[in-house]
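Please read the structure below before turning to the comments.
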Amino acid sequence: MTAKKRVAILISGRGSNMTALINAAKSPDYPAEIIGVFSNRVAAPGLDVARAEGIPTATLAQSSFASRLAFDEALTGILEGWDTDIVCMAGFMRILTPEFTNRWLGRAINIHPSLLPAYKGLDTHARALADGVTEAGCTVHFVTPGLDEGPAILQARVPVHPGDTPDDLAARVLVEEHRLYPEALRLLASGQVAYPQ
Ligand code: GAR
């Protein structure tokens, strides 16, 4: 088998999608290995999960940097130090500079809890329910300078049930996220999908 792609995961919180990727990468025939986990929040619970798995972790706080660009340059330095091939954003709640997204274009992917291009940004489930949609879902897409705008790799759909709360819908979508993200990373890491030229 060709060398596994070296994957860094960026998180801000509990990291359940990170955990799904870590677990998928334990399979011997998975084409990627998780070589580091970064968080922009020092107290992100997902960091403890990564450490328990023996995965190197790193954090940076925006408050230590004079600009977003300086933060993003430091982040790229960490990722380059890990010899990163692919960056997976998994609940990474931070707007990135175009300098960062262009540096990693075609090699950075994100999971978003909506059927993009619908419901970019925050509070996706509450907004979808307020609109009365009958179907929701999640998207794994390439990261580009525009927020939640890059080309989609895979989507999964779930039904909306009468009386669903945003938490109900988030939980139903999350089950699909945990299946979809490892599958999308497998496609990218094995060369079966690539950023459209
Ligand atoms: C996930 O639902 C993910 O799709 C979403 O945050 C959650 C993180 O959960 N991401 C975004 O909203 C990005 N715009 P996790 O930390 O348990 O993976």
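Numbering of ligands and ligand atoms starts at 1, following listing order. Side-chain atoms are counted along with the backbone in the values below, which use heavy atoms only and exclude waters and symmetry mates.
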Output side-chain donor-acceptor pairs under 3.5 Å for residues 120-129, partner residues at least two apart or in another chain, one line each.
| unit_1 | atom_1 | unit_2 | atom_2 | d |
| --- | --- | --- | --- | --- |
| T124 | OG1 | P113 | O | 3.1 |
| R127 | NE | L122 | O | 3.0 |
| R127 | NH2 | K120 | O | 2.5 |
| R127 | NH2 | L122 | O | 2.8 |

A side-chain contact here means heavy atoms from C-beta on lying under 4.5 Å apart; do K5 and E33 qualify? no

Does one hydrophobic cluster hold both I109 and Y195, with members joined at side-chain heavy-atom distances below 4.5 Å? yes

Can you confirm whether L185 sits close enough to V7 that some side-chain heavy atom of one is under 4.5 Å from a side-chain heavy atom of the other? yes

Please output the residues near ligand 1 using a strict heavy-atom distance under 4.0 Å, listed in chain and residue-number order. R14, G15, S16, N17, G91, M93, I111, H112, P113, L174, E177

Quick check: does any side chain N or O of S190 sit under 3.5 Å from a backbone N or O of R186, one acting as donor and the other as acceptor? yes

Give me the one residue out of R68, R41, R94 that meets side chain to side chain donor-acceptor pair (under 3.5 Å) with Q62. R94

